[in-house]
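Ligands are counted one by one from 1 in listed order, and the atoms in each one are counted from 1 as well. Bear in mind that the values here come from a model prediction, so they are computed numbers and not experimental data. Counting begins at 1 with the first residue of the sequence.
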Amino acid sequence: MQIWTDYVDELKKQTLYRQTVSYQVIDATHVQHAGKKYLLLASNDYLNLSQHPKVKKAAIEAITLYGTGAGGARLTTGTHPLFSLLEEKLAQFKGEQAALVFNTGYMANVGVISALAGANDVIFSDELNHASIIDGCRLAKVRVEVYHHADMNHLSMLLKNTPCQGKRIVVTDGVFSMDGDIAPLTSIVEMAEEYRAIVIVDDAHATGVIGPGGKGTAAYFGLQDKVQVQIGTLSKALGAEGGFVAGSQELIDYIRNRARSFIFSTALAPATIAAALAALEEVENCPWLVDKLGENAKYVRENLKCAGVPVLDGITPIIPIMAGRAAEAVQLACELDEAGILATAIRPPTVPKGTSRLRLAVSAGHEQAELKNVVEKIVKALKRLGIKRR
Ligand SMILES: *Cc1c(COP(=O)(O)O)cnc(C)c1O
């Protein structure tokens, strides 16, 4: 159809066209494409657990024991024995009474938010929240007030000035996926208490990444008992697939009976759950893995700063190099590609217009010498492209 090709042509004109590219895994931090080897700086597999021998072995054993597919939804026949093990462990890890596994983090957000927000409720949402939170808010069909990113004055004003006959819900990413900053959770929780609002934190990029032992954002701030709803994913630092929500037993009982993305989809395969379980055990048994991730992130941030590249202060492994226009972000990614480094150019609609960037994702398995080289190549590329160092 003409409108489809017009749409695609327009994207191409604006350097916003996207394609899937397949990469062959070499090891946890290297991939191959078109005969060329790359250092991988674009993966959310922060602890490299998707390639861990114990995690792989657990998945293989689960296939042998249980087969490849779940064969049914969670509420019919899909709940194989590994689920309760994983859900118990997740609840414990997050310091909550109970947890429920969804098929993806996306489905957890969409299902939980639309289940919790009813008529007369108002959701207060950070403007940089993940698309799955935005879609959850849309599905909830309630009033949504979007506050400026991490702007507590704005949130306070909206809480004060928005009439609400039902519940107030504040929802935020724990670690913001494209900026790598951490939500100001202490202030959010304080305000939520004042307005008796429920707080939902999406820890997709925080689980296994920040807080003591990688327990996430609430644990990082010591607020595990003040955040009612902790969402997370099994597909990033845990190297598997799936999402989850953790909270009180009554919350989980409610969500299990209400969240449509939980109810109406076939359960995850046994291998996936076994992998997540083994990965979680690895995180708990090897806290130094999380520390190493933090050290690597710190190393890259500090060295970029030393070289005059402005990066936001922070501790997370997500480090954006701001480029501005989409074309510049793509050029930057191409320059690194030339140098055998794979980092993704992030463009609208993933980030707001004018904030296109190269998004570095550091992992625990990167060698310091490799990271040093990455910094050098970035500095060189920025210079060559004449991208202003702001
Ligand atoms: C990746 C991500 C999700 C979605 O998780 P998946 O398991 O990949 O579906 C949700 N929220 C945030 C903040 C994310 O970055």
Side-chain angles (χ1 to χ4, degrees), residues 20 42-47 49-50 86-87 90 94 99-116 123 125-140 146 149-150 170-185 188 199-211 214 216-218 220 227 229-246 255 259-262 265-269 272-273 275-277 279-280 314 316-320 344 346 349-352 357 359-363:
T20 55
S43 170
N44 299 320
D45 186 13
Y46 298 114
L47 303 174
L49 290 172
S50 79
L86 178 60
E87 285 169 345
L90 282 169
K94 299 298 280 185
L100 190 70
V101 169
F102 284 69
N103 288 358
T104 63
Y106 186 104
M107 287 165 80
N109 272 328
V110 163
V112 169
I113 294 168
S114 61
L116 291 187
I123 300 175
S125 176
D126 189 291
E127 69 178 331
L128 293 190
N129 276 344
H130 190 260
S132 55
I133 293 179
I134 297 170
D135 292 355
C137 292
R138 285 178 183 158
L139 259 183
V146 176
H149 176 52
V170 182
V171 60
T172 182
D173 278 16
V175 168
F176 286 86
S177 52
M178 296 302 139
D179 289 66
D181 56 333
I182 303 174
L185 202 55
I188 289 174
V199 177
I200 303 178
V201 175
D202 173 9
D203 263 351
H205 292 279
T207 305
V209 177
I210 66 164
T217 310
Y220 175 77
V227 172
V229 187
Q230 298 192 65
I231 289 173
T233 179
L234 309 172
S235 60
K236 286 169 183 164
L238 293 174
E241 247 187 333
F244 67 88
V245 55
I255 289 174
R260 292 169 64 83
S261 62
F262 173 81
S265 190
T266 298
L268 283 171
T272 297
I273 300 302
L277 197 53
L280 192 53
T316 74
I318 301 165
I319 306 173
T344 324
I346 307 285
T350 308
V351 291
R357 65 198 69 181
R359 177 183 182 273
L360 302 181
V362 175
S363 83

Tell me if the CD atom of Glu87 is crowded by more than 12 foreign heavy atoms within 6.0 Å.
yes
Is the count of non-hydrogen atoms from other residues, nucleotides or ligands lying under 6.0 Å from Tyr106 atom OH greater than 12?
yes
What residues form a ring pair (Phe, Tyr, Trp, His ring centres under 6.0 Å) with Phe244, not counting sequence neighbours?
none
How would you list, by chain and number, every residue that makes a side chain to side chain contact (heavy atoms under 4.5 Å, CB included) with Ala218, sequence neighbours excluded?
Leu185, Gln224, Val227, Gln230
Return the set of residues passing side-chain hydrogen bond (donor to acceptor under 3.5 Å, both in side chains) with Thr172 (not counting sequence neighbours), or none when no residue passes.
none
Got the residues with a heavy atom under 4.0 Å of ligand 1, by chain and number?
Thr104, Gly105, Tyr106, Asn109, His130, Ser132, Asp173, Ser177, Asp202, Ala204, His205, Thr233, Ser235, Lys236, Gly242
Any non-hydrogen side-chain atom of Asn109 less than 4.5 Å from a side-chain atom of Phe102?
no
